[in-house]
Amino acid sequence: MRWGLALWVSAWMGLAPVQAENGTGLAESTDIDRFWQAYDQVRAERSLNRQRELLQRKFVDPGTAGLHAFMQTKGYDTDCYVNAIRRYPRFWESVRSRTLAMRARSSEFEPAIARLRTLYPALRPAKIYFLIGCLRSSGTTLGDKVLIGAELAAGDRSVDISELPMRLRKSLGVYFASEPEKQLVLLNVHEYIHTQQRGPGKTLLAQAMYEGAADFVAEQVIGRTPALPYMQYGYEHEATLKQEFRSEMDGVSWSNWLYNGPGNHHGVGDLGYYVGYAIMRDYYAQAPDKAKAVREIIELDYRDQAAVERFAATSGFFNR
């Protein structure tokens, strides 16, 4: 689950090539085609009831298991899609060609997944779905499904966000400035790792570590971290963030640290991702057996608070 607003988000493919429901490629993308077919019909129809009926019949009902999982986990429904289509036509037209281009990108994941499997031989297969959502998530997971919101993950600075509400415009402006379409493989790896984990966590500490683990392991695969503000800001302000985070980490509220936008006193969202990443970084650094450390990072039960606290203590992050 990732990259704020669930925007800052990641996932890749599995062991053997994952066959799409249409029989080709490593990722299923037919929901994107169905969305745009329904979109054109909805835009041509004036009746709201008729628009809802068309969207349901042309897009939702014939959708893949991935689309239905995405709608379930993000709370999407027919009204959500119809309202977004009616309110933000400039946005949709500016991302249309970008989302359609994602259909050809599944082959980019093969080298990354091969590397991930080398680092973690117990890797279980998962399926990737390129989807269209309601502007709430660029990537998340449900069970063994990696769910990529193409309307966000395919974006860059050229996306027209002028019609969006101010808060969403601000968050997406930051996100699109990071050129997420250039980080698609990194995003997919992050989310794929979530399909291997036991979580999410119950406390802020556990959930930050759950997200940070996906960032850290993805870095081992790709060789870099997400080009998102929380990484650079976290590195530059680690001591201050550590002190603030420690005062809240046993709580169950994540709002100051995770899945938030830049509207906090730091002016940077999702700083809990950095804290979790830094804990994993330090755990790995002190571990004599690096392969074992990667396995422990992925297989830690983030639902077990005692195990989470022991892991964090071993990392030494809060003692530096």
Side-chain angles (χ1 to χ4, degrees), residues 1-10 31-32 34-46 48 51-52 54-55 59-60 67 70-71 73-102 130-140 147-184 187 191 226-230 233 254-256 258-271 273:
M1 226 177 276
R2 101 135 280 133
W3 296 2
L5 231 245
L7 287 179
W8 324 130
V9 279
S10 318
D31 291 298
I32 292 179
R34 276 189 288 270
F35 174 81
W36 289 113
Q37 292 163 9
Y39 174 90
D40 288 335
Q41 294 183 47
V42 169
R43 291 285 297 162
E45 179 60 58
R46 301 186 67 177
L48 177 58
Q51 289 175 333
R52 289 169 175 158
L54 283 168
L55 197 287
F59 175 59
V60 176
L67 176 63
F70 200 35
M71 293 179 69
T73 193
K74 303 315 298 182
Y76 294 153
D77 58 21
T78 301
D79 283 346
C80 170
Y81 284 102
V82 170
N83 290 339
I85 290 170
R86 289 165 63 94
R87 293 175 181 175
Y88 315 134
R90 293 176 186 170
F91 170 83
W92 291 112
E93 290 303 329
S94 70
V95 300
R96 183 170 188 152
S97 62
R98 293 183 164 281
T99 65
L100 291 169
M102 289 184 74
F130 291 153
L131 307 156
I132 299 291
C134 289
L135 289 76
R136 297 178 194 164
S137 177
S138 61
T140 189
L147 311 168
I148 302 300
E151 83 280 11
L152 301 183
D156 67 5
R157 295 176 187 269
S158 71
V159 175
D160 190 335
I161 58 175
S162 62
E163 299 164 316
L164 305 182
M166 181 56 68
R167 184 175 179 181
L168 185 55
R169 194 187 315 167
K170 186 173 183 180
S171 295
L172 287 181
V174 172
Y175 182 58
F176 289 141
S178 74
E179 300 187 303
E181 63 91 15
K182 294 182 179 179
Q183 302 185 69
L184 184 61
L187 170 65
E191 297 300 341
L228 292 164
Y230 69 78
Y233 187 91
W254 307 341
S255 60
N256 291 333
L258 297 168
Y259 320 126
N260 58 354
N264 57 35
H265 69 280
H266 291 286
V268 178
D270 294 325
L271 290 167
Y273 279 91

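Every heavy atom of this structure was used, including side-chain atoms; hydrogens, water molecules and symmetry mates were not.
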Where [X] and [Y] come nearest, the two heavy atoms and their spacing:
X: Gly269; Y: Asn264; value: CA-ND2, 4.2 Å
X: Glu151; Y: Cys134; value: OE2-N, 3.6 Å
X: Gln183; Y: Pro226; value: OE1-CA, 3.4 Å
X: Tyr88; Y: Leu135; value: CD1-CD2, 4.5 Å
X: Ala153; Y: Ile148; value: CB-CG2, 3.7 Å
X: Leu228; Y: Ser178; value: CD2-OG, 3.4 Å

pair Met71-Leu131: side-chain heavy atoms closer than 4.5 Å: no
Roughly how far apart are [X] [atom1] and [Y] [atom2], rounded to 0.5 Å?
X: Cys80; Y: Lys74; atom1: SG; atom2: NZ; answer: 11.5 Å
X: Leu271; Y: Asn256; atom1: CG; atom2: CG; answer: 10.0 Å
X: Ile161; Y: Leu172; atom1: CD1; atom2: CG; answer: 6.5 Å
X: Asp79; Y: Leu55; atom1: CG; atom2: CG; answer: 9.0 Å
X: Leu258; Y: Tyr273; atom1: CG; atom2: OH; answer: 6.5 Å
X: Lys182; Y: Asp156; atom1: NZ; atom2: CG; answer: 7.5 Å

Results of ring pair (Phe, Tyr, Trp, His ring centres under 6.0 Å) for Tyr233 - residues two or more places apart only: His237, His266
Sequence neighbours excluded, the answer for ring pair (Phe, Tyr, Trp, His ring centres under 6.0 Å) partners of Tyr81 is Phe59, Tyr76
Is a donor on one side and an acceptor on the other found under 3.5 Å between the side chain of [X] and the backbone of [Y]?
X: Ser171; Y: Leu168; value: no
X: Arg90; Y: Glu163; value: no
X: Thr73; Y: Phe70; value: no
X: Arg169; Y: Leu164; value: yes
X: Gln51; Y: Val42; value: yes

Check Arg43 with Asp40, please: is the shortest side-chain N to carboxylate O separation under 4.0 Å? no
Could you go step by step and tell me if Asp31 and Phe130 meet the side-chain contact (heavy atoms from CB on, under 4.5 Å) rule? CA-CA 7 Å; Asp31 291 298; Phe130 291 153; over 6 Å; no
Over 60° means perpendicular and under 30° means parallel, so tell me whether Tyr39 and Phe35 are parallel, tilted or perpendicular. tilted
Step-by-step side-chain contact (heavy atoms from CB on, under 4.5 Å) determination, Ile132 to Trp92: CA-CA 11 Å; Ile132 299 291; Trp92 291 112; 3.7 Å; yes
